[in-house]
Each structure stands twice: as C-alpha cells, then as structure tokens.
Engineer: 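First the structure, then my questions, so here it is.
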Amino acid sequence: MTAEIAGYCALCRSRCGTLNRVDNGQLVSVRPDLSHPTGKAMCMKGRAAPELVHSPYRQLYPMRRTTPKGSADPGWVRITWEEALTETAEKLARAKAESGAESVAFSVTTPSGTPLSDSIDWIERFIRHFGSPNSCSGTEICNWHKDFAHAFTFGSGMPSADYANADTILLWGHNPSNTWLAQANAIANGRDKGAKLVVVDPRPTALVKQADVWLPVRPGTDGALALGLVRLMLLEGVYYNQFLRTWTNAPLLVRQDTGLFLREQMLWPDASLNRYVVWDEKHNMPFPIEGDRVLPFEQSATLRLRGDVDVIVAGKAPTRVVCTPALELLARAAAPYGPGHVEHITGVAPACLTAASKLMGAGRRIAYHAWTGISQHSNSTQTERAVASLYALSGSYDLVGGNRVRRGPFYRPVDGLGALSPSQLSKALGADKRPIGPPAMGWVTARDMYLAVTEAKPYPIRVLVAFGTNLPLSQADSALAEEALKRLEFYAHCDLFETPAARFADIFLPVNTPWEHEGIRFGFEISDEAASLVQLRQRVVEPRGESRADNDVVFDLACRLGMKDEFFGGNLEAGWNYMLEPLGLSLADLRANPRGIKCEIDSQERKYQLPHHDGSGRIRGFDTETRRVELYSELLHRNGQPAVPTFYLPAEDEFIRRNGTAKRFPLVLSSAKSGYYCHSQHRGLVSLRRRAPEPIAEIGQGLARNRGIHEGDWIQISTRNGAARFVARSGRIRLVAGLPRARPHPPSDPRAGKQQREQPDLGRCRRSGERLDPAPLVPLQHRARSAD
Ligand SMILES: Nc1nc2c(c(=O)[nH]1)N[C@H]1C(S)=C(S)[C@@H](COP(=O)(O)OP(=O)(O)OC[C@H]3O[C@@H](n4cnc5c(=O)[nH]c(N)nc54)[C@H](O)[C@@H]3O)O[C@H]1N2
Ligand SMILES: Nc1nc2c(c(=O)[nH]1)N[C@H]1C(S)=C(S)[C@@H](COP(=O)(O)OP(=O)(O)OC[C@H]3O[C@@H](n4cnc5c(=O)[nH]c(N)nc54)[C@H](O)[C@@H]3O)O[C@H]1N2
Ligand code: SF4
Ligand SMILES: [Mo]
C-alpha cells in the first residue's frame, strides 16, 4: 500500500515542509511540499530520511552494559523498557535524596540540528521540576550570544530576519545555504527584489560568491570589525538619528566616577521619582526622562548625544561630576578602530569596510542573522554587543524587512520556566563566575560539567541523563569528556545509535526518528505566513523495534519520579491539548488538518512603540533596565563586564600570546558546518557519505603553497589539546564585485611574523602521545548490535 503523507522535516532548524511517501510500511522518499511555507526546497539530509529511518545501524532495544566503562565494547545486553526505566528512575531518585537534585546533570542535544525540537519543552519541564540546575546543551557554542546576550542590547533574543523584504541582508558568521535552507530561500527572494547582500565570513561560501560586499574576517576578530563599522557610521553620520534619540539610551547621562546612570535623585534628592537624566542643549541643563515615555520630537532633538557635561551632584557637600551621554561612550569605545587598525586585526581591507557601511545606514531595512561564526568564540558576548549596537544604529529592529519580533501563536508554554527555585538555580555550575550568563537559566558549560564529575568541583555530579549529544565529538577536549563520562556513577543515554558518547552509558534507551512519532510545531519562523502555522506532524511509519519517542521516555520517567501531576498523569496527548487550549484548538482538529492550521499572531511593526494596555500613557519600549535599546549596559557594568562593546582576543589567541607559543601554533582554526551532515551525525547514511566521505580542512592558498600542501592531501592539524587528520581543500578566493581583491587568507596572528613556515608536530596526538595512523575512516555509527 502506498501513501503520501504531509509533514515537515525536523532534522534541523529549517523544518522544511515535506511530503513523505510510504510503501508497505517503509518510508521510501521525502520531497518538498510546495504548498508549505517552508516547503520550497529540501536538502540532501532530508531526502536521505529513508536511510536514517531504516538504517541497519540503529539501536532498537533498551540495553545495559556489562563491561567496565572505557572498554572498547560495552558488552550490551538487551533488557526491557521496564527494567531500563526502573533502574534509571531509581538512580536519579537516590542521587537526589542523598546529594540534592543538582548532583544529577542532563545533557540535551540541539533542537537546531536534531529533531529534539519535538521534545525540548517537555525535557526542560522534566529537568526543572526534578530540580536540577545543570543542563548542558551546547549553549556556550551556538545560542548564548543570539538568544540571550542579544538581550543585553535589545531586551530580547535575536529576532527572525525578514530577508525577503530587506534592503540589505547581513549574514554575520552564518551560512544558511548549508544550515537553514528555508532562510536561504528567503534570501534568494530578497535578492530577486533587489536586496544587497553583505557577508562576514572568513571563507568564500556560496553566498559570498553572490555577495555585494564580503568581509573576510580573521576568525574571532569580529568584535573589532563591528566596532570599526560603528565608528565609520558615527563619523559619517549615516545612523538613524531619531531612533537613537527616541528608542535607545544614547542620550542618557552616565557618571564617569561610578559608571552608573545619573539619576534624578542624585541631583534633586527630594524628587518623588528617580528617573534617568539627559542633557537639554537648548536650555543647557539636565532634565529627567522616563524610559517608557516618548519625548515629543522637538524635545528629543535637543538632547545632547556627544561630549561630556559637568553636573552638580547633591550630598553633604555638593560635588561636580563629569557625565557623558551613552552614545559618546560607545563612540569612544569604537574610536580606536580606524580602518588601518581594523585591517591589522581582522584582515579586512578599508575599502570593504566603507562599502559595507554604505549598505547599513539609516533608511535601509536591514535583516541580519549572526550565528556560530560569532558564538563559537570565547569573546562572543562582547562581539554580540558590538554587532547589536551596530544594528541599533540602523533602527531596523522589528521593521518589515528588518528583524521581526512576531508574537504568537499564543499557545500555553510547558517548559517549566520558573519551576526551579532561586536557591536551586544559584547552584548551577559556573553561576559564581557567570552570574548573568547561561547558569542563571540553568544551562551549564560542558567543561564545568566535566570538572564537577572528575574533580567534584564545586560539588560532585554523580548521574547524567543524555538526550542525544555526542560530547566527545561535539565539545572541546575529547579526552576530558571521555574521562568524565567514564567516571559517572550512573549514565543513561537516549539515542538512535551507539555513538562514542553512548558507549560510556550504563543504560542505553533507544529513541526513534520523527517519522516514527507525532510532533507538534507552533510556528515556522521565516515569514508571517510560516510563523502563524500550527502543525501536528503525523507518524509516517511504525516505530522500529522497541524504540520510543523522547517524549514517551520523559513522561514515563516523570511519573516514576513523582511528577505525575506535572506530566498530565503520564498522558502526552493531554499535555498537548493543554498547550493548544488557548488557541481554541485540540489535537483532533490538528489531526483532521494534517497540513496545519493558521493561528493568530501579532506581526505589527515596531511593537516597542505601542502603548501599554494599562492606559497609563507609557509605551512598551524594550525589555531592558532603561526600557530603551542599551548602547550602554549598566547591568553589565554592575557585573564587572564592559558596559559598551569591547573587543578582546579570543582566549586561545590570548593564551598563545601570553605564553609565547605563537611559534608553535602560528595559525588560526575555526569551524563550519557541512551541508551534508549535522554535527557528528549522519555519517552512516550512504547517500550522504558518498558525497562527503572525508573530514575537510579548508586552508588558504598561501598557506597551502607555503606548506607544500596540495588539494586532496591528508594533513594533520595539531592544537594545544590534540590533533586530527583532514583532507586539505584550498578554497579558490574570487574577486568580490566592485571591491579590491581580498586577501586569499586573512593574515594569521600578526605577532607570528615569518614563523608561519614552522612545521607543527605531525603524526602524534598531543594528549596521549598516540600515533595517528592515516587508516581509512569508518562511519562513526557503525556498530549494529540488534536487528528489527
Ligand atoms: N547542515 C547542517 N545544518 C545545520 C547544522 C549542522 O550541523 N549541519 N547545525 C544546526 C545548528 S545546531 C546550528 S547552531 C546552526 C549553525 O548555523 P551556522 O552559523 O550557519 O553554521 P556554521 O557553518 O557553523 O557557521 C557559519 C559560518 O561562520 C563562518 N565562521 C567561522 N568562524 C568565523 C568567525 O570567526 N567569524 C565569522 N564572521 N564567521 C566565521 C564559517 O566559515 C561558516 O561559513 O546550523 C544548524 N543547521
Ligand atoms: N567541530 C565542531 N564542533 C561543533 C560544531 C561544529 O560545527 N564543529 N557545532 C557545535 C554546535 S552548533 C552544536 S549545537 C553542538 C551539537 O552537539 P551535539 O548536541 O552533541 O550534536 P551531535 O554531535 O549532532 O549529536 C547528536 C546526537 O543526538 C542523537 N539524536 C539525533 N536525533 C535525536 C533525537 O530525536 N533524540 C535523541 N535523544 N537523540 C537524537 C544523534 O544520533 C547524535 O548521537 O556541536 C557543537 N560542536
Ligand atoms: S534543511 Fe534539510 S535537514 Fe534541515 S529541515 Fe530542511 S530538509 Fe530537513
Ligand atoms: Mo548549534
């Protein structure tokens, strides 16, 4: 029997609308559903879904290890789900009772590069209601800067780029043609309508080849580049003046003695309010303003934005204090980044900088996205601040053709946010070092988690439950990752395959692909039409073996651990209906409409300028302390961080500089995704592996020449932490339209000088001293233990 079932591919953030053909219970093909708002195209990964679903390498039964951890073979023996879940629940309950819920950590794979988007809300609910503040989910690598650090400037995560209606499309360390196909499609639409394209990327990607301006930045130096652009735009006066005055904290005065905003009661102690203070140029005096009331145009036009002013601060002895408008402080932070200095640090030629700034000025609607190119570096918070401040100068936030804050569909969230008590949250690993960073939300870095396992610092992590994740491969320091996984008292791992991480598990719980279970999606992000669609993805084939959905595992474990009420008596459908209720929908409605149902969303432009519902005359503003876009962040300042964007060298460069090892490590390494795979996955799918059989290192032509490396040679790359082999590809750098020929490779660390030619250690792993023999690669997920 053949059928074609509508759905969407959940393998990555793109969530492309699909039509899935099933023949006699087998998924045989997947093709784009052109009627779906994200269904204009599909990539090879999505098309390879039949190979994933029916892969002979999948693990289909719960298993328990029988050999010591670290053994090449875990000696899996098949057990029942009942045994597996009873034991897992017991271990969690015991650790919680003896050492607190914080002694149980969770490792959660990414919803942007796996189908975990089906279950992430319920998993987070489970973790929070269980009481653990320690969830390790790659936050430090790919979402902290855009989903959270962005809020230091705008009070929200980075909103969705509306490329299709933009005047300028800015891709900053983001390559959607490989990583987010529906957005690549929207970019093509925008380009067809005349949008200009600016790409900031060290590599000549496919989109770079179409770009109007390419900024080939030296990896990790994006902060200096963004500050260079801020400087240029301020100098040339091409910023959106009225937006800066009305909607950012540019005019608010900052006390130079404390770094805090000047407040009304500092000047007039008897004032009943304690508003922020600005300087009125017309009357040459300070006056107070509220962040969430709009000044009439004539008044805001006379606010001082540049230079210092002296004010008299009240007190026992009135004191003269120098104060500076926030914009001036931003301008001073950017001042050192003249074109020559920027070129020295970043390798980007001055002409490219000028060309880019022309496409980013006021009056242009700029849609941008900045992703892993920024976030994977240790300086990403400040880089994000610099890029966000640059974006603020354009005033494009929440404009059609800019970055859109769409609200809705208004379903009931279930992620359990707020369920963790402040005292539990304060125990998050790393909270002492990064109190307003990811630990404040219960997200911890892999490194902090490893050290809590191996050194019991600051307290021991005894148990780990992993929903996917392949820590030794996807996070830094594989050796430490393996050591930590080995030392855990108990480790339960949910996955489709026996991966290098799963090989350390005590209990393996087999989950299945999105084609084997239902999934629900509230909004598809890329356009108003997509954002309003609520869709229940149908089960397309029966679950293979005894595999289950992550949601089923979570609901079952929750009930065993006394969270039955929070998990709707263990009934996922009841939980989904609870989410749907405010929309006036039920699962039955969605099942009857497999292509989804359009729901109401709020997609008005500039929602920040709408009035509050309370009739007070106040406007919504931005969700920041000053209710304005924060060019100056007092919050960061109070937490010992720079209040205006500041460029730091990435930690590795800094380490090398301090320790004088530039001679040994003269080159810069960064990372990019393959369009054929997600992270460490999919290497066992033949149609994909055939296209990209080997790990690739792209190197500049100059470097290749210097080292005598030819296209296709196997090379070894060594860092302080280890070594790995790759096939060399020396990218062909093309002329960028209308601009001087860019350098083939951004200059490596200028301090390294001619030591560039020095050969690194070849042939041995630095950590283990083990010889790395160039044996042919085998798929990572190659160990089939059980069959259907
Ligand atoms: N095919 C595929 N798609 C995916 C994924 C996948 O693994 N495979 N993963 C998903 C996930 S989890 C994520 S987070 C997203 C990530 O999506 P992207 O951010 O688009 O992913 P990357 O390719 O890692 O990085 C984007 C670009 O940053 C550039 N880059 C590297 N270093 C720097 C730098 O220092 N500065 C700048 N400006 N650019 C730099 C790289 O050359 C690359 O072209 O993709 C999602 N989609
Ligand atoms: N060198 C390098 N390292 C990187 C990156 C890079 O580009 N280069 N990217 C970084 C980024 S952006 C991220 S987000 C992280 C990702 O890091 P991880 O989250 O560790 O991602 P993967 O390596 O793809 O491993 C995902 C695991 O989840 C399993 N899996 C897939 N689907 C499901 C499912 O539905 N349920 C469950 N339970 N398991 C499932 C897969 O089989 C696989 O074993 O890696 C980071 N590390
Ligand atoms: S881009 Fe590919 S993997 Fe991602 S959702 Fe679309 S078809 Fe699936
Ligand atoms: Mo990611």
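Here the structure is a predicted model, which is why all the values come from computation and not from measurement. Read the numbers this way: they start at 1 and go in the same order the structure lists the ligands and their atoms.
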Engineer: With under 30° as parallel and over 60° as perpendicular, where do the rings of H369 and W180 fit, or are they tilted in between?
Structural biologist: perpendicular
Engineer: Can any side-chain N or O of T719 pair as donor or acceptor with the backbone N or O of N721 at less than 3.5 Å?
Structural biologist: yes
Engineer: Under 3.5 Å between any N/O of N512 and any N/O of ligand 2: does that happen in this structure?
Structural biologist: no
Engineer: Closer than 4.0 Å to some heavy atom of C678 - which atoms of ligand 2 meet that?
Structural biologist: 24 (O)
Engineer: Is E140 salt-bridged to R447, going by a charged N under 4.0 Å from an acidic O?
Structural biologist: no
Engineer: Can D121 and R125 be counted as an ion pair, charged N to O under 4.0 angstrom?
Structural biologist: no
Engineer: Pull out every atom of ligand 2 sitting under 4.0 Å from any heavy atom of C142, numbered as shown with elements.
Structural biologist: 12 (S), 14 (S)
Engineer: Kindly say whether S375 contributes a backbone atom to a donor-acceptor pair with the side chain of T372 at under 3.5 angstrom?
Structural biologist: no
Engineer: Report yes or no: is the cationic atom of R720 (NZ for Lys, CZ for Arg) closer than 6.0 Å to the six-membered ring centre of F655, at no more than 45° off its axis?
Structural biologist: yes
Engineer: Quick one: does ligand 2 sit under 4.0 Å from the side chain of A501, the backbone, both or neither, non-hydrogen atoms only?
Structural biologist: neither
Engineer: Which is closest to atom 15 (C) of ligand 2 by heavy-atom distance: Q376, H679, Q475?
Structural biologist: H679
Engineer: Cation-pi between R521 and Y8: NZ/CZ under 6.0 Å from ring centre and within 45° of the ring axis?
Structural biologist: no
Engineer: In terms of residue, atom name and distance, what is the protein heavy atom nearest to atom 8 (Fe) of ligand 3?
Structural biologist: C9 SG, 2.3 Å
Engineer: Enumerate the atoms of ligand 2 whose separation from the nearest heavy atom of C494 is less than 4.0 angstrom.
Structural biologist: 37 (C), 38 (N), 39 (N)
Engineer: Shortest non-hydrogen contact from S135 to I127?
Structural biologist: OG-CD1, 3.9 Å
Engineer: Considering only heavy atoms, which of H517, K673, H682 lies nearest to atom 5 (C) of ligand 2?
Structural biologist: K673
Engineer: Which ligand 2 atoms does S680 reach within 4.0 Å, using its non-hydrogen atoms?
Structural biologist: 22 (P), 23 (O), 24 (O), 25 (O)
Engineer: Out of T114, L11, D495, indicate the one that has the non-hydrogen atom closest to atom 44 (O) of ligand 2.
Structural biologist: D495
Engineer: Can you sort out which atoms of ligand 3 are near K45, meaning under 4.0 Å from one of its heavy atoms?
Structural biologist: 3 (S)
Engineer: Would you say that more than 12 heavy atoms from the other residues, nucleotides or ligands in this model lie under 6.0 Å from the CZ of R560, or not?
Structural biologist: yes
Engineer: Please list, in number order, the atoms of ligand 3 under 4.0 Å from a heavy atom of L11.
Structural biologist: 3 (S)
Engineer: So, is C43 placed with an N/O/S atom under 2.8 Å from atom 2 (Fe) of ligand 3, counting both backbone and side chain?
Structural biologist: yes
Engineer: Any idea which part of S474 is under 4.0 Å from ligand 2, heavy-atom wise: side chain, backbone, both or neither?
Structural biologist: both
Engineer: Parallel under 30°, tilted from 30 to 60°, perpendicular over 60°: which one fits the rings of F567 and W122?
Structural biologist: tilted
Engineer: Look at the aromatic rings of W144 and F148 and report parallel, tilted or perpendicular, splitting at 30° and 60°.
Structural biologist: parallel
Engineer: Considering only protein heavy atoms, which is closest to atom 6 (Fe) of ligand 3, and at what distance to one decimal place?
Structural biologist: C16 SG, 2.3 Å
Engineer: Answer side chain, backbone, both or neither: which part of T109 comes under 4.0 Å from ligand 2, heavy atoms only.
Structural biologist: both
Engineer: In terms of side-chain geometry, is the basic nitrogen of K91 or D506 positioned less than 4.0 Å from the acidic oxygen of its partner?
Structural biologist: no
Engineer: Would you kindly specify which portion of S671 sits under 4.0 Å from ligand 2, judged on non-hydrogen atoms: side chain, backbone, both or neither?
Structural biologist: side chain
Engineer: Examine ligand 2 and decide if any of its atoms is less than 4.0 Å from a heavy atom belonging to G113.
Structural biologist: no
Engineer: Tell me whether ligand 2 is touched by G138 - counting only heavy atoms on the residue side and a distance under 4.0 Å.
Structural biologist: no
Engineer: Does NZ or CZ of R548 come closer than 6.0 Å to the centre of the six-membered ring of W81, within 45° of the ring's axis?
Structural biologist: yes
Engineer: To check you understand the geometry: which heavy-atom pair defines the closest contact between E516 and R58, and what is its length?
Structural biologist: OE1-NH1, 2.9 Å
Engineer: At under 4.0 Å between heavy atoms, is it the side chain or the backbone of N470 that contacts ligand 2, or both, or neither?
Structural biologist: both
Engineer: Taking heavy atoms and a distance under 4.0 Å, where does T110 meet ligand 2: side chain, backbone, both or neither?
Structural biologist: both
Engineer: So for ligand 2, is A672 a polar contact partner (N or O within less than 3.5 Å, distance only)?
Structural biologist: no
Engineer: Without swapping roles, check the side chain of R537 against the backbone of P514 for a donor-acceptor pair under 3.5 Å.
Structural biologist: yes
Engineer: Suppose we only count N/O/S atoms under 2.8 Å; would C12 qualify as near atom 6 (Fe) of ligand 3?
Structural biologist: no
Engineer: Of all the atoms in ligand 3, which lie at a distance below 4.0 Å from a heavy atom belonging to L181?
Structural biologist: 1 (S)
Engineer: Just go through I141, D118, I120 and tell me whose heavy atom is the nearest to atom 10 (C) of ligand 2.
Structural biologist: I141
Engineer: Less than 4.0 angstrom from a charged side-chain N to a carboxylate O is my criterion; do R434 and D448 meet it?
Structural biologist: yes
Engineer: Under 4.0 Å from ligand 2, counting heavy atoms only, is it the side chain of T469, its backbone, both or neither?
Structural biologist: both
Engineer: Just jot down the ligand 2 atoms closer than 4.0 angstrom to any heavy atom of F467, in number order.
Structural biologist: 38 (N)
Engineer: Taking heavy atoms and a distance under 4.0 Å, where does R15 meet ligand 3: side chain, backbone, both or neither?
Structural biologist: backbone
Engineer: Taking N or O atoms only and a 3.5 Å limit, does T499 qualify as a polar contact for ligand 2?
Structural biologist: no
